[in-house]
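Here's the structure we're looking at; comments come further down.
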Amino acid sequence: MYILAPSILSADFSKLGEDVKTVSDAGAQYIHLDVMDGAFVPSISFGMPVISSLRKTTDRVFDVHMMVEEPGRYAADLKAAGADLLCVHQEACRHLDRTINQIKELGMKVGVALNPATPVETLSCVLDQVDMILLMSVNPGFGGQKFIPYTLDKIRKLRAMLNERGLQTDIQVDGGVGLGNVRELMDAGANVFVAGSAVYKNDAAANVKAFLEIFHEEANK
């Protein structure tokens, strides 16, 4: 199943609830929320109060991408704020296995994210414990960056590793994803797509529908 996860980092923060509702009503299945701490990445974004206030605007899956050091510290608070899926960085967790289990025990789905230069093999021990793996296709922390081409090889390699174990785990791609390259990412083996500026530039509802049309076409090939 192909899933669109619009990143609200590219939305208009003066009318955030409205912008979330627009993409949700247009059919986006996930809402991607980037939490940044100014330490793991240079930027600072938003935290629990914003997430809990947005929770009232939609029933879509809240896909929270934790770009913070030792994200396990915030897992319970994020659950309370309305997170459905918590994605933590392998590079930010001293004890990744413990963090994954902590999130699962709270009743959330769990994802693990990898920075562009981190090889997919680092997840070989936890592949069967996670619901999703996020491959960053830009260096995390800023929106609007260019897609890093070797991400395609990482997607193929990761999908092969999952297939070998008979796992249907979601592969999410975040960074530089647009209508022009999403088919290529799908062919490589990704199925969840984070799109920020590609969704929120100009007409967000129309952009969501254009992504969903491509998903429908590819699924029916």
| Would you find a donor on one side and an acceptor on the other, under 3.5 Å apart, between the side chain of Asp131 and the backbone of Val110? | yes
For this session: Given side-chain contact (heavy atoms from CB on, under 4.5 Å), test Met136 with His65 step by step and report yes or no.
Result: CA-CA 11 Å; Met136 291 300 298; His65 179 193; 3.5 Å; yes
Residues 212-221 vs side chain to side chain donor-acceptor pair (under 3.5 Å), sequence neighbours excluded, gives Arg183-Glu217, Arg183-Glu218, His216-Asn220, Glu218-Lys221
Can you give each donor-acceptor pair under 3.5 Å made by side-chain atoms of residues 67-78, sequence neighbours left out, with the distance rounded to 0.1 Å?
| from | atom 1 | to | atom 2 | distance (Å) |
| --- | --- | --- | --- | --- |
| Glu70 | OE2 | Arg94 | N | 2.9 |
| Arg73 | NE | Glu70 | O | 3.1 |
| Arg73 | NH2 | Glu69 | O | 2.7 |

Residues passing the ring-ring contact (aromatic ring centres under 6.0 Å, His included) test with Phe40, sequence neighbours excluded, are His89
Here the ring-ring contact (aromatic ring centres under 6.0 Å, His included) pairs for residues 114-139, sequence neighbours left out, are none
Leu152 and Asp187, any side-chain heavy atoms less than 4.5 Å apart: no
Salt bridge between Arg55 and Asp84, side-chain N to carboxylate O under 4.0 Å? yes
Besides Ile148, the hydrophobic cluster formed by Ile, Leu, Val, Met, Phe, Trp and Tyr side chains linked at under 4.5 Å, directly or via other members, contains Tyr150
Less than 4.5 Å apart, any side-chain heavy atom of Gln29 and any of Leu4?
yes
Closest non-hydrogen atoms of Val177 and Ala195, given as atom of the first, atom of the second and distance, are O-CB, 4.0 Å
By side-chain hydrogen bond (donor to acceptor under 3.5 Å, both in side chains), Ser7 pairs with (sequence neighbours left out) Asp34
Taking the side chain as every heavy atom from C-beta outward, state whether Val20 and Ile8 have any atom pair closer than 4.5 Å. yes
Across all chains, not counting sequence neighbours, the salt bridge (charged side-chain N to carboxylate O under 4.0 Å, His left out) partners of Arg60 are none
Taken in chain and number order and not counting sequence neighbours, the residues that satisfy side-chain hydrogen bond (donor to acceptor under 3.5 Å, both in side chains) with Asp59 are none
Indicate whether the side chain of Thr118 and that of Gln90 have a donor and an acceptor atom separated by less than 3.5 Å.
-> no
Shortest non-hydrogen pair, Ser197 vs Ser10, comes out as N-OG, 3.1 Å
> Does the side chain of Leu135 come within less than 4.5 Å of Val120's, by heavy atoms?
Replying inline: yes
Please test Ser137 against Thr151 for side chain to side chain donor-acceptor pair (under 3.5 Å), starting from the C-alpha separation and ending with a verdict. CA-CA 6 Å; Ser137 40; Thr151 308; 4.9 Å; no
d(Thr22 OG1, Lys15 NZ) to nearest 0.5 Å is 6.5 Å
Name each donor-acceptor pair under 3.5 Å that joins a side chain in residues 198-206 to protein atoms two or more places apart or in another chain, with its distance.
| from | atom 1 | to | atom 2 | distance (Å) |
| --- | --- | --- | --- | --- |
| Tyr200 | OH | Asp19 | O | 2.9 |
| Asp203 | OD1 | Ala205 | N | 3.2 |
| Asp203 | OD1 | Ala206 | N | 3.1 |

Sorted by chain and number, sequence neighbours left out, ring-ring contact (aromatic ring centres under 6.0 Å, His included) with Tyr2 holds for Phe215
Residues at least two apart in sequence or cross-chain that pass side-chain hydrogen bond (donor to acceptor under 3.5 Å, both in side chains) with Asp170, listed by chain then number, are Asn191
What one should report as the nearest heavy-atom pair of Ala190 and Val173 is CB-CG2, 3.5 Å
The complete set of salt bridge (Lys or Arg N to Asp or Glu O under 4.0 Å) pairs with one or both residues in residues 100-122, sequence neighbours excluded, reads Glu121-Lys157
Ala28 and Val208 have their tightest heavy-atom pair at N-CG1, 3.7 Å
Point to revise | Sidechain-backbone polar pair: Asn181 side chain, Gly176 backbone, donor-acceptor under 3.5 Å | key: yes
